[in-house]
Amino acid sequence: MKRIPEKTIISLVNSCTCKSHLLQVHSHLLRTSHFYNPTIFLSFLSRFALPPLRDLSYSGRIFSCFPEPNVSLYNNMIRAHSLSRGSARSGVQLYQELLRSGISSNALSETVAKDGHQSDCFLLTALMDFYSCLEKGGEACKVFDEMSHRNVVAWNVLISCHTRNQRTLVALTLFDMMRNSNGCQPDDVTCLLVLKACANLNALEFGQKVHRYIVEQGLHNVKSVSNSLITMYSRCGCVEEAYDVFKKMLERDVITWTAMISGLASNGYGLDAIEAFKEMQREGIWPGEQTFTGLLSACSHSGLVKEGRMFFNTMSRDFGVVPNIHHYGCMVDLLGRAGLLDEAFDLITSMRIKPDAAMWRTLLGACRIHQHNALGEQVIERLVELKAQEAGDYILLLNIYSSAGHVEKVMEVRKMMKEKGIRTTQASSTIELKGQVHQFFADDISHPRKKEIYEMLAEINQQLRIAGYVAEITSEVHNVQGKSDAYALSYHSEKLAIAFGVLSTPPGTTIRVAKDLRICLDCHNFCKVLSAVYNRKVIIRDRNRFHHFQEGRCSCSDYW
DNA sequence: GTAGGGTTAG
């Protein structure tokens, strides 16, 4: 067979527009050993990685067929991938190849420098994102520090790297740094990244600052920025502000509506969420999978069993959205809270999807509300089978036994936890004052104003007792290794944060507290009575659920 | 061309 010249093959490869043609050329090359020519090989890689094919997994696979890839080839592979969207994600596979071949990931930076690409901004940002995906934030920072020219995308990649790797506070700092620098200023993408960080941190004041910047820069007409604002305000418990942004938008898409519906849902405005869903259809916007997650969670948060059932049963028929694990989870939550535990259990066992740990945990929470010991034990067994049981699950089981008065069973679980070496995580509550975040743990004595805080808490307790508040200490167990529960109960982290809030804000100011675990029944009652006695709105966010306390009432249909 | 908005149940 006549050997085809290299040039011809490359132009042939470049003219291929579909995968099957490329594969034909590929098999011909393998037969003639042409494939192992690095230049031809690279043209192949690029062809697969770039539009219109953009098949990164395939280019990864043919790359791993190459018998002796050298560092330069790896570098070019990253480059080929960097020229396509989602490059860094497939870069993870590439990284594993690198490790197997004995080249360290840091060598990539060196390679890029050696090959004279250090001024290539696109390649370096792709490299940063690549490190970020590998959770190697330090390496990403290093690349950023050594970049001679940083454009706004490089900053955004850095910010996204920190938010992705649980360093949300750093993301906020970077926003300030960018604004104070002489170089590029935050753009729409920077704003939505930072707003997401604010939403996670419950950092309302910082979020408001970003909002002001958005208006100053005229970015408020960018749809994605407005969508992020809606989420930020909702996640900080400010539905009115979220609705305000929503109302002012000139054009709303499915994401806008979903953000608004979910915001209303998590803040306890179930009926408004359903109303918004109907309005959305009147405006001719077609709902998506996530719209239904928001809608069903609205029903579960507000105890709307009939409505939830109706949406769940018709979503697939009327809107073509097949229920996924989140939808089923919302239904289990909805039925469980309503006390329909058997129905919830049947729903889980009848699903075509395999239930995950979170699903069983939802049911376990319902067993705890309705004190259903037998089912609770069964659910724990399922979690053990999944090897997914966590401290929080045993605490729930403890509370199920404890409120049913099964002292022996409580001791049994405690013993089991000790034997298995299960450690509980310490809960904390945060409160933002003048842009500064204060964190409290249970029985915390580390705050500089601890004396005033404890005195204020004692005074609050006294006032609330007069109003009829009785500390509930029998049914709630929170910390197995801790001191006596009665002691720990009166100094829960949220109570300390609230006392600090009452102490340091003028009368009538809303108190906003974020808690990382769930609020207990006693603290819930405490907040209810406090909102009436002190005439203050109290908003507690525990995980993703909001509790709005006002005039002695809470927005939730049940206590959590 | 590289970054990027809605869900994730307790």
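Scope of the values below: all heavy atoms of this structure, side chains included, with no hydrogens, waters or symmetry mates. Predicted model, so just to flag it, every value in this text is computed and none were measured.
The minimum heavy-atom distance linking A:Ala140 with A:Cys161 is given by the pair CB-SG, 4.0 Å.
Between the base of B:dG5 and the side chain of A:Asp188 there is no donor-acceptor pair shorter than 3.5 Å. A donor-acceptor contact under 3.5 Å is not formed by the side chain of A:Asp333 with the base of B:dA9.
Which of B:dT7, B:dA3, B:dG5 sits closest to the side chain of A:Asp253 comes down to B:dG5. Distances were taken from every side-chain heavy atom of A:Thr258 (C-beta onward) to each of B:dT7, B:dG6, B:dG4; the shortest belongs to B:dG6. Closest to the side chain of A:Ala358, out of B:dG5, B:dA3, B:dA9, is B:dA9. Listed candidates were B:dG6, B:dG5, B:dA9. Nearest to the side chain of A:Thr291 is B:dG6. Among B:dG5, B:dG6, B:dA9, the nucleotide with an atom closest to any side-chain atom of A:Lys223 is B:dG5. Set against B:dG4, B:dA9, B:dG6, the side chain of A:Leu192 has B:dG4 as its closest nucleotide. Of the candidate nucleotides B:dA9, B:dG6, B:dG5, B:dG5 has the atom nearest to the side chain of A:Ser224. Counting only heavy atoms from C-beta on, A:Val153 has its side chain closest to B:dA3 among B:dG5, B:dG6, B:dA3. The side chain of A:Leu193 lies closest to B:dG4, out of B:dG6, B:dG5, B:dG4. The A:Ile255 side chain lies nearest to B:dG6 when the options are B:dT2, B:dA9, B:dG6.
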Given the rule in the salt bridge (charged side-chain N to carboxylate O under 4.0 Å, His left out) test, do A:Lys209 and A:Asp176 qualify, once you have shown the distances and angles that lead to the verdict?
CA-CA 10 Å; A:Lys209 186 169 91 175; A:Asp176 285 335; 2.8 Å; yes
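Residue-level contact check: A:Val332 touches neither bases nor backbone, having no heavy atom under 4.0 Å from any strand. Contact annotation for A:Ser262: backbone-only contact, meaning every heavy-atom pair under 4.0 Å involves sugar-phosphate atoms and none involves a base. As judged by a 4.0 angstrom heavy-atom cut-off over every strand, A:Asn324 is placed among residues making no nucleic acid contact.
As a whole-Å value, the separation of A:Leu296 CG from B:dT7 C1' is 11 Å. The distance between atom CE of A:Met331 and atom P of B:dA9, rounded to the nearest whole Å, is 17 Å. One atom, CE of A:Met128, and another, C1' of B:dG1, lie 16 Å apart when rounded to the nearest Å. Between A:Arg235 atom CZ and B:dG5 atom P the separation is 13 Å, expressed in whole Å. We find that CZ of A:Phe546 is positioned 11 Å from P of B:dT7, with the value rounded to whole Å. The distance between atom CG of A:Leu364 and atom C1' of B:dA9, rounded to the nearest whole Å, is 13 Å. A straight line from CG of A:Leu295 to P of B:dA9 spans 17 Å, rounded to a whole angstrom. Counting to the nearest Å, the P atom of B:dG5 and the CZ atom of A:Arg164 are 10 Å from each other.
Remark: A:Arg252 is positioned above the aromatic ring of A:Phe246, its terminal NZ or CZ atom under 6.0 angstrom from the ring centre and at most 45 degrees off the axis.
At a threshold of 4.5 Å between non-hydrogen side-chain atoms, the residues A:Met249 and A:Ile230 count as touching.
Residue A:Ser234 holds its OG atom at 10.5 Å from CD of A:Glu240, rounded to the nearest 0.5 Å.
A close approach under 4.0 Å does not occur between any side-chain nitrogen or oxygen of A:Lys196 and OP1 or OP2 of B:dG4.
When ring centroids are compared, A:Phe312 and A:Phe292 stay outside the 6.0 Å threshold.
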